[in-house]
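Right, one structure below, let's go through it.
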Amino acid sequence: MEFQPLNIYNTLSRQKERFEPLNPPFVGLYVCGPTVYSDVHLGNCRTFISFDLIYRYLLHLGYKVRYVRNITDAGHLEGDRDEGDDKFAKKARLEQLEPMEIVQRYTLGFHDVMRAFNTLPPSIEPTATGHIIEQIEMIKQIISNGYAYEVNGTVYFDVEKYSKEFNYGQLTNRLLEDMIANTRELGGQDEKKGRLDFALWINAKPEHIMRWPSPWGVGFPGWHIECSAMSTKYLGATFDIHGGGMDLAATHHTNEIAQSQACSNVQPCRFWMHTNMLTVNGTRMSKSAGNGFLPGELFTGNHPLLEKGYSPMAVRFFMMQTHYRSTLDFSNEALQAAEKGYQRLMSAVKKLNSVKASDVTSVSLSSIRKNAYDAMNDDFNSPVMVAQLFELVRIINSANDGKEKMTKEDIAEAKSIIQHFVFDIAGLMDDTVSSGDQSVR
RNA sequence: GGUCGCGUGGCCGAGUGGCUAGGCAGAGGUCUGCAAAACCUUGUACAGCAGUUCGAAUCUGCUCGCGACCUCCA
C-alpha cells in the first residue's frame with residue numbers, strides 16, 4: 001500500500017519528520033483525555049478537535065488507526081503531592097455524591113460536547129479506574145527493575161537513578177541539573193529521596209474515598225502511570241503517535257516516557273505531538289485563571305466576554321483556520337469573522353447542487369486538491385488547506401453566476417473535494433440549516 | 001534564571017531567501033425592479049537596529065515587547 005509522504009512535527013526532535021508507522025497500514029495514536037471532575041472548557045476542546053483533525057486525516061490517507069483517548073477518573077491530587085486533596089473526593093464531598101457520580105456526570109457532559117463539535121469517538125476510551133490492575137503490574141515491574149521505591153505505602157519513581165541510564169529531560173530539552181535547581185522545595189513531608197521523584201502509587205488517607213488494595217497497602221495510582229499502563233496495553237510498548245496539550249509535555253509526558261523506559265527499556269512513542277493553548281484576549285484559558293468559558297456558554301453567548309453565541313461548527317471552522325501548534329486567541333471579532341467565512345463556505349457547498357453543467361470548462365480544479373493535500377501533509381496545515389477551499393468557493397460562486405463554466409466532471413470533482421476536505425477531514429457539518437442532510441452527493 | 005515559542009496590512013491568520021496565501025472588515029465597480037447574495041478591482045503588511053546576499057517578512061547578531069512551560073490544568 002502506498003501512502004502520501006506525511007511530515008509531522010515531533011516534539012522529541014523539535015523538527016518535522018517524515019511519518020512512517022511502525023507497522024503500516026496500522027497506526028497507534030494515544031491522546032491524553034480529560035480529567036472528569038468538572039466541565040470541559042474550550043481549551044480542552046481545542047486539543048481534542050485538533051487531534052480529531054489528525055485522526056480523520058490519517059484515516060483519509062488509508063491508515064488503520066487505533067485511536068486511544070483515556071478518561072482520567074481517579075486520583076490526581078491537587079497541590080503538593082501528599083498534602084493535597086483528591087480532586088474527585090473533594091468534589092464528591094462538596095456535592096454530597098459518590099465519586100463515580102461525579103465521574104459519570106462529567107463524562108457524559110464531555111461526550112455531549114465532543115458530539116456537538118462533530119469529533120469522531122476514539123477507538124478505545126479507557127478509564128483509569130478500569131485499569132488499576134495494569135497500573136499495579138507496571139509499578140511492580142518498575143520497582144523490580146530498580147527505578148522506584150516504596151515509603152509508607154507510597155511508591156515513588158527514582159528520577160536520579162533513572163537519569164543515570166536515560167535522558168529524563170529529553171522531551172523538553174532540559175538538563176537534569178537545571179530541573180533540580182528549579183524545582184520547588186516541598187516543605188515538611190519529604191519521604192522522597194529526590195526532589196524530582198514523583199508518585200506512582202499513593203497511600204490512601206482515611207479521607208480518600210477512591211481506594212484500591214495493592215502490594216503496598218490501600219491507595220490509588222499516581223496520575224502519570226495510567227497513561228503509560230493503558231497505552232502499553234492497547235498500543236504496545238512502543239507506538240506511533242502520542243498527543244496532548246503543550247502544558248502536559250514538561251511533567252506528564254516526561255514522566256510517561258520515564259515510566260515506560262524504566263518498565264520495558266524502550267521509548268514508548270516515536271512521534272510526540274503537542275497542541276498549543278487557547279487564549280482569551282492574549283492569556284491562556286485555564287481553570288485557575290478563571291478566564292474560561294464553557295462550550296455551552298459559547299454556543300448560547302451567555303457569558304460576559306461574549307457578544308453573541310456561535311454555533312459549534314463555526315467554532316470548529318475557526319479552529320481549522322489556525323494551525324494546531326499556534327496559539328488560538330478567542331475574541332468576538334475573530335469569532336464573527338470565522339462565522340461569516342464558515343457560512344460563505346457552506347453556502348457555496350449548497351450552491352454547487354444548482355450549478356448547471358456545461359459542455360466546456362473554463363476552470364481548473366486540479367491544483368486545489370493537490371495544494372490541499374500538500375498543506376495537510378505538511379504537519380496538518382489546515383489553515384492553508386482551508387485557503388484552498390475558498391479558491392473552490394470562488395469558482396463555484398462564479399459558475400453559479402454563469403461567469404465560469406464547469407463540466408459534469410468538474411462538478412463531480414468539486415463535490416468530491418468538498419466531501420473529502422470539508423466533511424471527512426475538517427469534520428465540518430452544515431449547521432447553518434436545521435436539515436440533517438450533510439451530504440453533497 | 002532555564003526551556004520552547006511569538007511579534008505580519010483595521011482584525012484574525014498562513015508563509016522560512018525572489019512568484020498576489022486565505023478569511024473578516026473597508027473602498028470602488030458589475031449584476032439585480034430595490035435589497036441581499038455573488039463576482040471583479042483595490043490594500044505596496046511583515047517590532048526596531050545592524051549584517052550576510054544580486055535579492056530577506058524569510059538567514060545571522062543585537063535591542064525592545066509578549067506568551068507558554070518549569071507547580072494541578074488540554
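All figures in this text were calculated on a predicted structure; none of them were measured in a lab. Just the heavy atoms: all of them, side chains too, but no hydrogens, waters or symmetry mates, feed the values below. So that the names make sense, note that chain A is the first sequence line, chain B the second, and so on, each numbered from 1.
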*asked:* Just N and O in the side chain of A:Thr279: are any of them under 4.0 Å from OP1 or OP2 of B:rG67?
replied: no

_On RNA chain B, compare the nucleotides closest to A:Tyr324 and A:Ala387; which residue's is nearer the 5' end?_
A:Tyr324

*If the sugar-phosphate is the primed atoms plus P, OP1 and OP2 and the base is the rest, what is the B/S/- string for nucleotides 26-44 of chain B, using protein heavy atoms under 4.0 Å?*
-----------SBSS----

_Could you work out, with ring pair (Phe, Tyr, Trp, His ring centres under 6.0 Å) as the rule, every residue matching A:Tyr373, not counting sequence neighbours?_
A:His60, A:Phe421

*So A:Asn255 and A:Tyr168, side-chain hydrogen bond (donor to acceptor under 3.5 Å, both in side chains) or not? Walk me through it.*
CA-CA 8 Å; A:Asn255 290 342; A:Tyr168 180 66; 2.4 Å; yes

_Rounded to whole Å, please give me the gap between CG in A:Asp39 and P in B:rA74._
13 Å

*What does A:Leu389 touch in the nucleic acid at a heavy-atom separation under 4.0 angstrom: a base, only the sugar-phosphate, or nothing?*
nothing

_Does A:Thr11 reach a base, just sugar-phosphate, or nothing at all? Heavy atoms under 4.0 Å._
nothing

*asked:* Considering every strand and a 4.0 Å limit on heavy-atom distances, what is the contact class for A:His41: base, sugar-phosphate, or nothing?
replied: base

_Parallel, tilted or perpendicular: which one describes the rings of A:His224 and A:Phe198, with boundaries at 30° and 60°?_
perpendicular

*Got a sec, which residues hit ring pair (Phe, Tyr, Trp, His ring centres under 6.0 Å) with A:His41, two or more places apart in sequence or on another chain?*
none

_Rounded to whole Å, please give me the gap between CG in A:Asp178 and C1' in B:rG1._
9 Å

_Between A:Asp73 and A:Ala128 (side chain of the first, backbone of the second, donor and acceptor by atom type, cut-off under 3.5 Å), is there such a pair?_
yes

*Span that lies between the C1' atom of B:rG15 and that of B:rG22, in whole angstrom*: 11 Å

*asked:* Please report the distance, rounded to the nearest Å, between CG in A:Leu392 and P in B:rG23.
replied: 13 Å

*For atom CE of A:Met246 and atom P of B:rA74, their distance in whole Å*: 15 Å

_Out of B:rA74, B:rC70, B:rG13, whichever nucleotide has its closest atom nearest the side chain of A:Ala250_ = B:rC70

*What about the rings of A:His131 and A:Tyr234, do their centers lie closer together than 6.0 Å?*
yes

*Closest listed nucleotide, where the reference is the side chain of A:Thr251 and the choices are B:rA74, B:rA14, B:rC72*: B:rC72

*asked:* For A:Phe390, give me all partners under ring pair (Phe, Tyr, Trp, His ring centres under 6.0 Å), at least two apart in sequence or on another chain.
replied: none

_I'd like the C1' distance from B:rU8 over to B:rG43, given in whole Å._
14 Å

N/O to N/O distances under 3.5 Å, protein versus nucleotides 5-12 of chain B:
{"residue": "B:rC11", "atom": "O2'", "partner": "A:Glu333", "partner atom": "OE1", "Å": "3.4"}

*Between A:Arg316 and A:Thr119, does any side-chain donor sit less than 3.5 Å from a side-chain acceptor?*
no

*asked:* One pair to check against side-chain hydrogen bond (donor to acceptor under 3.5 Å, both in side chains): A:Tyr57 and A:Asn377. What are the steps and the verdict?
replied: CA-CA 9 Å; A:Tyr57 190 61; A:Asn377 288 333; 2.7 Å; yes

*asked:* Suppose the criterion is salt bridge (charged side-chain N to carboxylate O under 4.0 Å, His left out): which pairs have a residue in residues 325-336 of chain A, not counting sequence neighbours?
replied: A:Arg325-A:Asp379

*Parallel, tilted or perpendicular: which describes the rings of A:Phe157 and A:Tyr147, with under 30° parallel and over 60° perpendicular?*
parallel

*Got more than 12 heavy atoms from elsewhere within 6.0 Å of NZ, A:Lys351?*
yes

*Could you tell me the separation between the CG atom of A:Asn255 and the C1' atom of B:rU71, rounded to a whole number of Å?*
13 Å

_Interatomic distance at P, B:rC19 relative to B:rA56, whole Å_ = 11 Å

_Give me the distance, rounded to whole Å, that separates B:rU20 from B:rG13 when you measure between the P atoms they each carry._
24 Å

*asked:* I need the OH-P distance between A:Tyr168 and B:rU3, as an integer number of Å.
replied: 18 Å

*CD1 of A:Ile180 versus P of B:rC70: gap in Å, rounded?*
17 Å

*Can you tell me if NZ on A:Lys308 sees more than 12 non-hydrogen neighbours from other groups inside 6.0 Å?*
yes

_According to salt bridge (charged side-chain N to carboxylate O under 4.0 Å, His left out), does anything in residues 115-128 of chain A pair up with another residue at least two apart or in another chain? List the pairs._
A:Arg69-A:Glu125, A:Asp112-A:Arg115

_As a quick check of understanding, evaluate side-chain hydrogen bond (donor to acceptor under 3.5 Å, both in side chains) for A:Thr407 and A:Asp410, giving each step before the final call._
CA-CA 5 Å; A:Thr407 61; A:Asp410 289 333; 3.3 Å; yes

*Do A:Phe299 and A:Phe117 have ring centroids that are under 6.0 Å from one another?*
yes

Using atom names, set out every protein N or O paired with an N or O of nucleotides 57-60 of chain B below 3.5 Å, distance rounded to 0.1 Å.
none

*Tell me which residues in residues 42-57 of chain A put a heavy atom below 4.0 Å from RNA chain B, sorted by number, or none.*
A:Gly43, A:Asn44, A:Thr47

*Taking CG from A:Asp379 and P from B:rA14, how many angstroms apart are they, rounded to a whole number?*
12 Å

*Say you pick atom C1' in B:rA14 and the same atom in B:rC54; how far apart are they, in whole Å?*
28 Å

*Between B:rU53 and B:rU63 - P atom distance, rounded Å*: 23 Å

_Contact list for residues 240-250 of chain A, test salt bridge (charged side-chain N to carboxylate O under 4.0 Å, His left out), sequence neighbours left out_ = A:Asp240-A:Arg270, A:Asp247-A:Arg284

*Any salt bridge (charged side-chain N to carboxylate O under 4.0 Å, His left out) involving residues 353-366 of chain A? Give me the pairs, sequence neighbours left out, ordered by first then second residue.*
none

*For RNA chain B, stems built from three or more consecutive Watson-Crick or G-U wobble pairs below 3.5 Å*: B:1-7 with B:64-70, B:10-12 with B:22-24, B:26-30 with B:38-42, B:47-51 with B:59-63

*asked:* Give me the distance, rounded to whole Å, that separates B:rG61 from B:rC6 when you measure between the P atoms they each carry.
replied: 14 Å

*Mind checking the C1' distance from B:rU32 to B:rU58? Whole angstroms is fine.*
46 Å

